[in-house]
Amino acid sequence: MPADISSTQVHQPHPCNLAGTALRYPYSRSFSGGLQASAFLVAQAGGLKGYFDEPGLTTRCTIILSGACSMRIGGRTQHFQARDLVLAPTSAETFTFENSADFSALELHVPQGILDQMNIAPPAGLRSRFLGCQEPGLQTARQLLGYLRATSSSPATATSPHVLVGYGLAITTLGYAFSEDGQDHRSKGVDKTATGLEAARQVLLERFDKVPTIPQLAALCGLSPTRFKELFRQQFGCAPYAFYQAHRMEYARQLLCRKNVTETAMQLGYSNICHFSAAFQRQFGCTPSQWQRQIR
């Protein structure tokens, strides 16, 4: 991974021949008030290593649209997957970011002044939640990603109509992100269950070689195993093991970019390579070897 890449270098507008070609060169545009929007579309697994250098207090609003990623900052690694919304303050520190193949995300860097104008309190720390398929914030983020791709070569005149359209999409996405995050319409009991389910999800994302048991995960939520499985499916759209296996196979694609099939299977905890190949094919419709030939 390239080292010492500043966050402003990543999010600045790039020449047409570079924009969208790699994680380091997203489609980016700056709007009024210092608001920045970037669209990441990466076909192969990769990563970045760098540091945040935005002036003053800045909030990151990130929506993962496909694939999965991991980010290490402040000595802690966080794992995210498609339809995760992440809100986090940005401070002057280093980060390491790794993405799976077929990764896409929309990220807004928001100065404090814009949050003040919207009467929004910045997050005290990292907050994340899983977005429903029909949530308007997810759909607006996809529209903004499409806008950034379509207008990457257009001049950035602040008064031009297409820039105003992009600014409107960015502010709308931000509004949805914080309005849902700030709602206080749930009871404390439901909030506690949601927190437990998110903790269980993070546990499933942290390991690729050994899946926790359902009773272990249910205990994090204070639920019976049966009720845990029911609520997990409602919240995240699939059963706990299916969720774990999908993320595990995304990580397998990342490993296969630099390791052979046997090494990848062993790192993922498979003692039988045929079992790994079968699981990979069920997930992606091709064997690990076939996928390696496609990317080389």
Side-chain angles (χ1 to χ4, degrees), residues 7 10-16 18-43 58-69 71 80-88 90 97 99-111 113-115 117-120 122-123 127-183 236-237 250:
S7 54
V10 171
H11 292 276
Q12 68 186 3
H14 299 291
C16 297
L18 292 178
T21 58
L23 193 67
R24 184 177 176 180
Y25 302 113
Y27 299 100
S28 295
R29 186 175 288 279
S30 298
F31 297 108
S32 176
L35 178 65
Q36 290 182 311
S38 296
F40 297 88
L41 295 99
V42 187
T58 303
T59 294
R60 285 183 291 117
C61 174
T62 307
I63 300 177
I64 311 301
L65 298 174
S66 65
C69 64
M71 188 168 192
F80 304 105
Q81 63 157 18
R83 291 163 51 197
D84 272 346
L85 164 68
V86 185
L87 296 171
T90 299
F97 184 92
N99 65 279
S100 71
D102 299 324
F103 173 79
S104 65
L106 187 282
E107 184 162 295
L108 298 171
H109 280 216
V110 192
I114 289 181
L115 295 183
Q117 292 173 14
M118 300 177 70
N119 197 27
I120 293 175
R127 297 205 300 264
S128 66
R129 64 185 179 89
F130 190 68
L131 298 173
C133 290
Q134 301 304 316
E135 286 200 42
L138 180 64
Q139 298 181 41
T140 308
R142 288 174 175 152
Q143 291 175 349
L144 180 53
L145 182 143
Y147 161 87
L148 291 170
R149 293 185 69 185
T151 63
S152 61
S153 60
S154 302
T157 305
T159 57
S160 58
H162 72 265
V163 173
L164 296 177
V165 169
Y167 181 75
L169 286 171
I171 290 295
T172 301
T173 301
L174 188 62
Y176 281 130
F178 275 94
S179 63
E180 289 293 324
D181 184 73
Q183 285 180 359
F236 303 116
E250 284 287 357

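All heavy atoms count here, side chains included; hydrogens, waters and symmetry mates do not. Just so we're clear, the structure is a prediction, and the values are computed from it rather than from any experiment.
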Using the side-chain contact (heavy atoms from CB on, under 4.5 Å) rule, take T59 and L108 through it: C-alpha gap first, then chi angles, then the decisive distance, then the call.
CA-CA 8 Å; T59 294; L108 298 171; over 6 Å; no
So how far is it from [X] [atom1] to [Y] [atom2], rounded to the nearest 0.5 Å?
{"X": "C16", "Y": "Y27", "atom1": "SG", "atom2": "OH", "answer": "9.0 Å"}
{"X": "L131", "Y": "D84", "atom1": "CG", "atom2": "CG", "answer": "7.5 Å"}
{"X": "L41", "Y": "T21", "atom1": "CG", "atom2": "OG1", "answer": "11.0 Å"}
{"X": "L65", "Y": "D102", "atom1": "CG", "atom2": "CG", "answer": "13.0 Å"}

Does any non-hydrogen side-chain atom of [Y] lie less than 4.5 Å from one of [X]?
{"X": "L145", "Y": "I63", "value": "no"}
{"X": "P26", "Y": "V10", "value": "yes"}
{"X": "L144", "Y": "T172", "value": "no"}

What are the two closest heavy atoms between [X] and [Y], and how far apart are they?
{"X": "F31", "Y": "V163", "answer": "CE2-O, 3.5 Å"}
{"X": "F130", "Y": "R83", "answer": "CE2-NH2, 3.4 Å"}
{"X": "I64", "Y": "C69", "answer": "CD1-SG, 3.8 Å"}
{"X": "N99", "Y": "F97", "answer": "CB-CE2, 4.0 Å"}
{"X": "R24", "Y": "H14", "answer": "O-NE2, 3.6 Å"}
{"X": "Q12", "Y": "S28", "answer": "O-CB, 3.6 Å"}

Taking the inter-plane angle between the rings of H109 and H11 on a 0 to 90° scale, is it parallel (under 30°), tilted (30 to 60°) or perpendicular (over 60°)?
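If you compare the ring of H109 with that of H11, the planes turn out tilted.
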Criterion side-chain contact (heavy atoms from CB on, under 4.5 Å) on L174 and C61, from CA distance to verdict:
CA-CA 7 Å; L174 188 62; C61 174; 4.2 Å; yes
Do you see a donor-acceptor pair shorter than 3.5 Å between the side chains of T173 and T140?
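Side chains of T173 and T140: no pair found under 3.5 Å.
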Under the side-chain contact (heavy atoms from CB on, under 4.5 Å) rule, what do M118 and F178 come out as? Steps first, then yes or no, please.
CA-CA 10 Å; M118 300 177 70; F178 275 94; over 6 Å; no
Under the rule for side chain to side chain donor-acceptor pair (under 3.5 Å), what residues qualify as partners of S32, not counting sequence neighbours?
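So S32 forms no side chain to side chain donor-acceptor pair (under 3.5 Å) with any residue.
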side-chain contact (heavy atoms from CB on, under 4.5 Å) assessment of F40 paired with E107
CA-CA 8 Å; F40 297 88; E107 184 162 295; 4.1 Å; yes
Between R29 and Y147 (side chain of the first, backbone of the second, donor and acceptor by atom type, cut-off under 3.5 Å), is there such a pair?
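No; zero donor-acceptor contacts below 3.5 Å.
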